[in-house]
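Have a look at the structure below, then the notes.
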Amino acid sequence: MLLSYLRERLRLTGTKYGCGGGGCGACTVMVSRYQPGTKTILHFSANACLLPVCQLQGAAVTTVEGIGNTKTRVHPVQERIAKAHGSQCGFCTPGMVMSMYTLLRNKPQPNMEDITVALGGNLCRCTGYRPIVDGCKTFSPESNCCQANGNGAGCCLNGDSFLPDFKELPPQLFDQEDLLPLDPTQDLIFPPELILMAETEPQVSQLFRGERMVWVSPVSLEELIQLKTSHPQAPLVMGNTNIGPDIKFKGAWHPIIISPTRVQELFEVTKTPQGVCIGAGCSLSVVKALLEGLVQEIPEEKTEIYRSLLQQLGNLGGQQIRNVASELSVVTIFIHFIYSVQEILLNKDFFVGFGKTSLKPDEIVLSVFIPVSRQGEFMRAFRQAPRKENALATVTTGMRVMFTEGSSVVKELSIYYGGVGPCTVSATKTCAAVIGRKWDEQTLSEAYTQLLDEISLSPSHPGGQVEFRRSLTLSLLFKFNLQMLHKLWEMVWTGSLFAQLAAYLNLHHYTGTFLKGSQSGDDPVGRPIMHRSAISQATGEAVYCDDIPKMDGELHIVLVTSTRPHAKILDIDISEALQVPGVVDVITSKDIPGKKFRTFTGIDEDILVSCVGHMVCAVVADTRKQAKRGAALVKIGYEDLPGPVFTVEEAIEKQSFFLPQRMIERGNVDEAFDKVDHVYEGEIRLGGQEHFYMETQSMVVVPSGEERELKVYLSCQHPTYTQESIAETLGIPSNRVSCHVKRVGGAFGGKVTKTSIIACITSVAAWKTGRAVRCVLERGEDMLITGARHPVLGKHKVGFMNDGRIMAADLHYYANSGNTADESLLVIEKILLHLDNAYNVPNLRGRSVACKTNLPSNTAFRGFGVPQSMLVTENMINDVAMKLGCNAEEVRGQINMYKEVSLTHYKFEFDPKNLLRCWDECKEKSDYGSRRKSIAQFNQQNRWKKRGMATIPIKYGIAFSDGFLNQAASLVHIYKDGSVLVSHGGTEMGQGIHTKMQQVASRELHIPASLIHITETNTSAVPNTCPSAASFGTDANGMAVKDACETLYQRLEPVRKQNPEGTWQTWVKSAFIQKISLSATGYYRGHDLHMDWEKQEGQPYAYYTYGACCSEVEVDCLTGDYRTVRTDIVMDIGRSINPSVDIGQIEGAFIQGLGLYTMEELKFSPSGVLYTRGPSQYKIPAVCDIPLQFNVYLLSGSDNPHAIYSSKGIGEPVLFLGSSVFFAIKDAVAAARVEAGMVGPFTLDSPATPERTCLACNTPFTQKIPASKQGSFQPWALNIP
């Protein structure tokens, strides 16, 4: 593939590996081709991981390195994304840059829709997308329009004079006047030699022979037919979006592949009055552009089919996929196509199975004919997918009706569905029952009954969601009905927010002021400084672990994992693996010279195979492909053990727990239940969440060759823990192991314990072979092995009064820990410490338990149990409000929130003043009162669309409850030229810690930040570091850097007094001459925090970060789809050291929380196998999921004496505020249920996926679906937790 060629052969490492399947966009490049016929150059973005190099004859490929760099000239795209703070960890940034760059090459002044479409195929896990869109929209002429700030009245586009009150505009995080202009004349030209070659050299067939495969590229149709006749089983590859993933992920092997990308007949387009004939090789982007042109050219009544296809094309895959995928992947209904000399209908008989058609092996599709619509003919296409864009549909449908002229009698009707069978399904009987009858409610009512009988699914149907899929077949037909009934269509659907892409312009925020009145203009603290590596990340020059050049003799390692959930290993046969060319060795536990097990919590981990994905051994080879091939040949003999445990219910039944269990109580809960007006019990299930850091687990271990020394280059949050683990595993002192972390491409808690385990295995391989060993997990391996956020079952029993006062609450938390303890016991402790959230409940009890199951061990994830804990609490509050029939915000803020200096349930005193300020300001700035009335009015007027709103507070404890972790050290060197090198114990993983440390050093040394450099985190420079976690990295390391800089500045005091007019450089030189040490260590002892679980009291946190968030959503009750209309966040983060970095953390955490509570679902088979192992199955939020209006406000006038410069930790708290979208969805669902005659509390588990949301709405269509009897079938997937 092009990706490996760029990275390994050409050493162009700016193009990143993110998933290997075209689902994340990290590997985006621009491909340019000369078109001899039109003498034009076509530029398109593509995924390098799916692009075969042998397909690129005559093409020019532009990577991120090619458009600009820091040594010559940075391209405006690179600069603007960086300066707009759109690069945090930076791993996705080159892909974002190349998607936007390609758009600008084709359209130098794009509109906002162009931008969001261009970025639709790129994923980012850090930023929340807003700053990326902000940087890109500076290229759009719309960005300065009045409507960009929501001012529709007096718009400049209407010729009106509109001068905004600049005093009311929020401060800007970057200066748009200080940006390089876009000058297309400075872009790279298409190589003239390729133009000359295309115009003069004759096209000849190409044949490429690989180690196991032959690639043939014919140039004529005759040759293509001959090849297909000779090799009927050989697949035809156009964009490689189907065959490529099959080869990579499913192990498919084809000895011969035919690539007809140069057969011109496959790309011909012929327009006729009857329709358009499109060559079967045309990409989806070409088809889309062609249809868009036809829609503008021909009468509207003839464009029904074209408009329906455009509707589907707009959501199918990302832009990179559409640019290369051929059209047959979407054109599946009522269309003719031609192969050889025959013409057949592409109808119900064409598809005969999943990915199979009625074509004979030696037949070739030449072209597709798409007719124009006839008079009285209407067609619509609908799809429901886990994510609005760039996601495979759960159910898709095409429906066509033709009415008898002058009447509503149905003359023709065709209904096709995808997603309800192994191939496209035709509702033939339903259509027959409707044809010849009037299109009215009675006819459609009978059609629903017929359709329900005609399309049935087994309860164990692959993909699950059986009730949802069946209900969608009905509700999508009803949608078609609504669109046919034009007046009802106008009333119900016009103005739907689901289509308002331009509303992305309403992304603005308010930063507040954090500069002291007397602060020097040279002092960078409190200013929105750009991430120090942002430019390097945007140019692809930033070095990540796998970008390190290959060492001489370097080996690659691939892990072999268990395929059984609960078994003993009887034997491991490695003989066949060792026969694979290039395989050097197989590493097993017998090769470990030192301690075999090291755990974070000190609990010995089970040596049996206890989950699918359990690491058993590892294959070491010259290349990764060889190691992977060898790993596939390792044969493991198992003896299955009885009774695997997968769910928390099973763990409870079998008492399968990690000890100790935890309990905390204040007041007398049982007694209080006897005195309240109401008692209610409920529960909620919260699924797990994959970290989906863009950079997978990566490391390179290099033995030095003497004195048992190892250098370990890795991507992790806790290098000291990894250092200690490797030393123990190899039986050597820690001083022989040095761990180096340059930067981390995202972590979120997933690169602490799991990284150390994989690093130990890699180190054993390096130790045994005496050679450098590189380990980079593929996305699927990473997701299978490394665990996720703990799924939790939460149960509550609450006692409350008629006025909403909660007098007693008893909460139980059952966390699915997986097969090892990992950090689970710490997680369940933090769950209990945050169960009160913002509420003063006089009688409160919480119990939590870590359930031991046979799933991959779950681990730390941003929030560390708090998102699970507080969701249960807020759901309890919600149930109280619904039980009383009052507003949940009243129960939260007016009645039960902490109001004055109070004690928590663990007897820690705090002042909630800023919590109340955040709550009040959030309601004020979100215009909560008037919008709540508008929502009620909207819901009254709309039957199938409902809006909901929720406001959620948070009180989040900062620092480690284990006091020894609250320490940090630093090392600061001043060199004779005045430059400064800072080392500290924090790792840079996108949160901007290096940038903030640079600001701290700049302030304390009174020098420009440009003189200060931070190269890496290194255990040899700063020993005994603590993990970069718990939102405490800046607090601890900032104080350590401050301490070292203060020491140095004081040492220079005599020199400054001797020469008060001198410069920093002269003072430093003079100090060296005077033998004054220019190097200092800094240390921060930190808070002595503790928690006594026997006494149930303590001070586990240094302080609290407060916030509140109000979100509004619009829900489509028929499909469960939702759109976040608006989000307003108010956060108390003290005095921000860097507002741009902190706002980036707020937005990124919120979007990650939105994913947790509404989208992201881990699916396991009944035997414990993880189904969701990549972006094609596991959907994280994309650009299309940003709230249409997203406002962030930082609380002014806040001080925090417990942290550096009065700042506060912010990395984790805001993630939970994503639950405001969950509860807004639940609010909208409640409105839908009222119309179904259902009131009061109801269960809506998290995430609130379209499936759960739709079924909870309880529409007439979901009511028609009979529920499958539990226990009568084996479900496709487990219900985790």
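What you are looking at is a predicted structure, and each value in this text was computed from that prediction instead of being measured. In this chain, residues are counted from 1 in sequence order. All values below come from the heavy atoms of this structure, side chains included, with hydrogens, waters and symmetry mates left out.
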Check the pair K946 / E1114 against side chain to side chain contact (heavy atoms under 4.5 Å, CB included), numbers first and verdict last. CA-CA 6 Å; K946 297 296 178 186; E1114 182 176 301; over 6 Å; no

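- Between the side chains of E921 and Y1193, no donor-acceptor pair is found at a separation under 3.5 Å.
- The closest side-chain donor-acceptor pair between N390 and Q319, if any, does not fall under 3.5 angstrom.
- A perpendicular orientation is assigned to the rings of F1216 and Y1157, their planes being inclined by more than 60° (bins at 30° and 60°).
- Checked by atom type, the side-chain pair T93/S87 shows a donor-acceptor distance below 3.5 Å.
- Ring planes of H691 and Y693: parallel class, angle under 30° (limits at 30 and 60°).
- For the side chain to side chain donor-acceptor pair (under 3.5 Å) test, no residue two or more places apart in sequence or in another chain qualifies with Q868.
- Every salt bridge (charged side-chain N to carboxylate O under 4.0 Å, His left out) that D1132 has, sequence neighbours left out, goes to K1208.
- Every residue was checked against the salt bridge (charged side-chain N to carboxylate O under 4.0 Å, His left out) condition with K913, not counting sequence neighbours, and none meets it.
- In this model, a donor atom of one side chain and an acceptor atom of the other lie less than 3.5 Å apart for Y1178 and E1160.
- No hydrogens or angles considered: a donor-acceptor pair under 3.5 Å links the side chains of T28 and Q320.
- With hydrogens and angles left out, the side-chain atoms of S1136 and D1142 include a donor and acceptor closer than 3.5 Å.
- Nearest heavy-atom pair, I1137 versus Q999, reported as atom, atom and distance to 0.1 Å: O-NE2, 3.1 Å.
- Aromatic pair F692/F748: centroids not less than 6.0 angstrom apart.
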Start with the C-alpha distance between T873 and N837, add both sets of side-chain angles, then the distance that settles side chain to side chain donor-acceptor pair (under 3.5 Å), and finish with yes or no. CA-CA 7 Å; T873 302; N837 191 10; over 6 Å; no

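- The side chain to side chain contact (heavy atoms under 4.5 Å, CB included) test applied to C922 returns T951, A1108, C1110, V1130, not counting sequence neighbours.
- When only modelled atom types and interatomic distance are considered, T138 and R80 share a side-chain donor-acceptor pair under 3.5 Å.
- Residue-environment remark: CD (E890) exceeds the threshold of 12 foreign heavy atoms within 6.0 Å.
- Judged as a ring-ring contact (aromatic ring centres under 6.0 Å, His included), and not counting sequence neighbours, the contacts of Y101 are H75.
- Smallest separation of non-hydrogen atoms from G992 and V1141: CA-CG1, 4.2 Å.
- Between S45 and S99, the side chains place no donor N or O within less than 3.5 Å of an acceptor N or O (distance only, hydrogens not considered).
- When only modelled atom types and interatomic distance are considered, N111 and S140 share no side-chain donor-acceptor pair under 3.5 Å.
- Inspection of the K1226 and N875 side chains reveals an N or O donor paired with an N or O acceptor under 3.5 Å.
- Here P110 pairs with M100, L103, L104, D114, I115, F139 under the side chain to side chain contact (heavy atoms under 4.5 Å, CB included) rule; sequence neighbours left out.
- With 3.5 Å as the limit, one finds a donor-acceptor pair spanning the side chains of Q1145 and Q88.
- If you run side-chain hydrogen bond (donor to acceptor under 3.5 Å, both in side chains) between Y1122 and each of D1185, T1158, D1116, only T1158 comes through.
- Partner of E1112 under the side-chain hydrogen bond (donor to acceptor under 3.5 Å, both in side chains) criterion, chosen from R931, Q1189, R932, R1123: R931.
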